[in-house]
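These notes concern the structure reproduced below.
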Amino acid sequence: MAVPKRKMSRSNTRSRRANWKAAPIALVSCDRCRERKLAHTACPTCGTYNGRDVLDV
Amino acid sequence: MPTPTKGARLGGGPAHERLMLANLATALFEHGKITTTEAKAKRLRPLAERLITFAKRGDLHARRRVMTVVRDKGVVHELFTEIGPRYENRPGGYTRITKVGPRKGDNAPMAVIELVEALTAKAETVREATAATKKSAAKKAPAKKAAATETAAAKKAAAAAEAAEAAAEEAADDAAEGDVEGAEAAAAEARAEADKAAAAAEGSDDPKVDEAAGEAEAFAEIAEDAADDAKKSE
């Protein structure tokens with residue numbers, strides 16, 4: 001089985017990990033409560049979607 | 001080849017999938033509203049709506065068909081006595097799926113699937129109004145057809161004029177050859193065609209039609225003259 005010949009340097013490891021970035025989630029503001037929420041999804045703050053109660057808050 | 005099911009495959013096998021969907025449907029009819037993953041909600045929707053359609057039918061055969069999926073007799077009873085009649089005048093679309101964001105723990109996208117309300121009187125009137133507008137739009141189409149017949153009359157007259165021309169030519173040829181009977185017959189044909197064109201012209205006020213009718217008339221006259229000439233020369 002193929003195995004690494006050398007230990008990976010701290011620098012190489014860190015430069016590889018430097019590209020692990022999180023992208024911000026695209027959010028829209030809720031029609032009812034103006035809170036930021038996911039698009040096309042019921043608002044977790046006020047529990048409504050399209051003016052209709054969906055979640056018990 | 002059978003069409004594969006639309007949506008995600010669930011569970012560890014076909015039997016597992018059937019059981020999960022049956023349980024989901026039972027829970028939906030029992031509670032009216034359940035929270036589940038988006039994939040399961042999307043798979044449940046067609047099954048649940050089919051079962052409600054059975055409930056609307058309401059006979060024993062339909063009930064037995066439903067019993068093969070929903071095993072709970074109490075739930076089936078509720079489905080047939082309450083849920084089915086509620087959607088009497090709703091043509092499908094008995095469930096609503098609303099996304100509610102990812103679940104804590106495995107980040108699975110979740111959704112709420114619920115039975116929608118019965119059609120209110122207002123919604124019913126709106127539906128009827130849209131149906132009426134559709135109908136009136138269909139009525140407008142025949143009006144267009146009348147305009148089409150107008151042009152058809154013009155075409156008829158033009159065709160008659162052409163036929164009269166051909167008949168006149170024939171009459172002239174026959175007269176030149178000294179065939180009196182043939183010339184007369186051709187002249188009669190031309191006259192008939194001219195009459196046809198005139199009839200078409202009477203039915204419409206399109207100037208083109210009148211023109212064509214006049215042409216046919218002239219050709220008929222030529223044909224008759226030719227026939228007369230043939231007679232005289234004889």
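In what follows, chains carry the letters A, B, and so on, assigned in the order in which the sequence lines appear, proteins first and then strands, with residues in each chain numbered from 1. For clarity, every value in this text was computed on a predicted model and none was experimentally measured. Atom set for the values below is all heavy atoms of this structure, side chains included, hydrogens, waters and symmetry mates excluded.
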Toward chain A: residues of residues 61-92 of chain B with heavy atoms under 4.5 Å:
none

Residues in residues 101-113 of chain B that sit under 4.5 Å from chain A, counting heavy atoms only
Gly101(B), Pro102(B), Val112(B)

Checking heavy-atom separations under 4.5 Å from chain B, one finds in residues 17-49 of chain A Leu38(A), His40(A), Thr41(A), Ala42(A), Tyr49(A)

Got a second to check how far Thr35(B)'s OG1 is from Leu55(A)'s CG, nearest 0.5 Å?
7.0 Å

Has Arg10(A) got more than 12 heavy atoms of other residues, nucleotides or ligands less than 6.0 Å from its CZ?
no

Please check if the number of heavy atoms outside Lys56(B) that lie under 6.0 Å from its NZ is greater than 12.
yes

Anything in residues 13-30 of chain B with a heavy-atom distance to chain A below 4.5 Å? Please list those residues in order.
none

Any chance you could measure Asp56(A), atom CG, to Lys33(B), atom NZ, to the nearest 0.5 Å?
5.5 Å

